[in-house]
Amino acid sequence: MKKCFLFFLVVNIVHSVLSQENDGLALTPPMGWNSWNKFGCNVDETIIKEMAEAMVNSGMRDAGYEFIVIDDCWQIGRDSLGNIIPDSERFPSGMKALGDYIHSLGLKFGIYSCAGSKTCQGRPGSRGYQFQDARTYAEWGVDYLKYDWCYNEGQNAEAAYKTMSDALKATGRPIVFSICEWGDNEPWKWGKGIGHLWRTTADIRDCFQCQFDWGGLGVMDIIDRQAELYPYAGPGHWNDPDMLEVGNGGMTYTEYKTHFSMWAMLAAPLMAGNDLRNMDRQTREILTNLDVISINQDELGQQARRFMDMGDYEIWAKPLTKGEVAVCFLNRSSEVWKLAYNWKQHTMYFVKDVNLHKYQYKIWDCWKHEYIGTTNEKLSADIPPHGVLLVRLKK
Ligand code: GLA
């Protein structure tokens, strides 16, 4: 009897630990594609299928991208039983068939809903239908849910996201849960165990430095809002500074490299937001840069810290496994940064396994893909306006 009790106790403890904190999902930042930044409400099954095919053909799947996420506007109403109905003109084959197709390409299927009564585009939200919707998603083979916060009608955010989290867990299907309440209720303080990632800001705009009255932010302003959030990121629970704009035309090649480099440093989810079917060489080069992606996907799961802030010039460091570290020199100014950096002069006190005084490290340039010196010498480089020098120190 006693043994039996102990057994159930252990099973229960293991179950609650697994289901709350560590369900084994998103142990590194999720990578994929989302329809919103490029297509907005203009989504249909042809676009989604072609994007999945392009993810494979462009080499992005092999580089680690896996989720194909349909954002807002796929849903059109509810039937008499309250079941959510996809727009049958835009998705004539239905969501199950679309999910099957995405899976047949070795990818995963993501969808969008909202904790409010309506989505941000006025489509039916999940409020009052959380468990029913979660069951429907699981039947369709959904692997990822982005859950928004429009028309929330004064709900408590933590409770609202917990309800959908419980609903997803109750389906028994592993579903990555992306909290999207724009950082309004400091989700980094309560999101771990409820979701696997949480948006930290208003929506990204396709610009380097810009702010909009309604809350849209450019890349630099988003980065500034991540700097203090590093304690909250780790395997299974990530700060999400929003989806990528790489390839959407609003920034220069240099700026997009900076955007991608910094998202990698921030251990941010890498959700491409461009048209994957007709990428130019530079866009593809950025999105499939394995030296940068491996920094983002490092198993330690640490978010970079801005350990030197000199106004227009910043230095960020991200501890990596195997006693390595990624360092990003960020030039926010519109002039060239003539860098002359002495590795021994500044201690990255939080990078425990790296000792620049004791050991010499080789410096790997993650955009040139070559060694550019060692930490025993001064690092000299011209960093272009709005550009980065992103390096990995290797033993
Ligand atoms: C909000 C989200 C965006 C996108 C739109 C869709 O603005 O923050 O990422 O999902 O809604 O309507």
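Numbering starts at 1 and runs along the sequence shown. Everything numeric in this text was worked out from a predicted model, so none of it was measured. Start at 1 and go down the list; that is how both ligands and their atoms are numbered.
- Atom CD of Q360 is surrounded by more than 12 heavy atoms from other residues, nucleotides or ligands within 6.0 Å.
- Of the protein's non-hydrogen atoms, the one nearest atom 8 (O) of ligand 1 is D203 OD1, 2.6 Å.
- Residue C120 approaches ligand 1 through these ligand atoms, each under 4.0 Å from one of its heavy atoms: 1 (C), 11 (O), 12 (O).
- Ligand-side atoms of ligand 1 in range of K146: 3 (C), 4 (C), 9 (O), 10 (O), range being under 4.0 angstrom from any heavy atom.
- Near C180, meaning under 4.0 Å from one of its heavy atoms, ligand 1 places the atoms 2 (C), 8 (O).
- If you check which protein heavy atom lies closest to atom 11 (O) of ligand 1, you get D148 OD2, 2.8 Å.
- There is a side-chain donor-acceptor pair under 3.5 Å between D148 and W182.
- Taking every non-hydrogen atom of D71 and a distance limit under 4.0 Å, the qualifying atoms of ligand 1 come out as 4 (C), 6 (C), 10 (O).
- Remark: minimum distance from atom 12 (O) of ligand 1 to any protein heavy atom is reached at D72 OD2, 2.8 Å.
- For the pairing with F109, the side chain to side chain contact (heavy atoms under 4.5 Å, CB included) check across V69, I48, D100, I70 returns one residue only, I70.
- In this structure, K146 fails the cation-pi test against Y144, since its NZ or CZ atom is not both closer than 6.0 Å to the six-membered ring centre and inside 45 degrees of the ring normal.
- Residue W149 places every heavy atom at 4.0 Å or more from ligand 1.
- Using cut-offs of 30° and 60° for the angle between ring planes, the W140 and Y137 rings count as tilted.
- Ligand 1 has an N or O atom lying under 3.5 Å from an N or O atom of Q121, backbone or side chain.
- Residue T119 places no heavy atom under 4.0 Å from ligand 1.
- In terms of modelled atom types and a separation under 3.5 Å, the side chain of H386 and the main chain of F208 share no donor-acceptor contact.
- Close approach to R199 involves these atoms of ligand 1, each under 4.0 Å from a residue heavy atom: 8 (O), 9 (O).
- Looking at E45 and S93, their side chains do bring a donor and an acceptor atom within 3.5 Å of each other.
- Considering every non-hydrogen atom in both S333 and D312, the closest pair reads CB-OD2, 3.3 Å.
- Where the criterion is an N or O separation shorter than 3.5 Å, residue side chain and backbone included, W36 fails it with respect to ligand 1.
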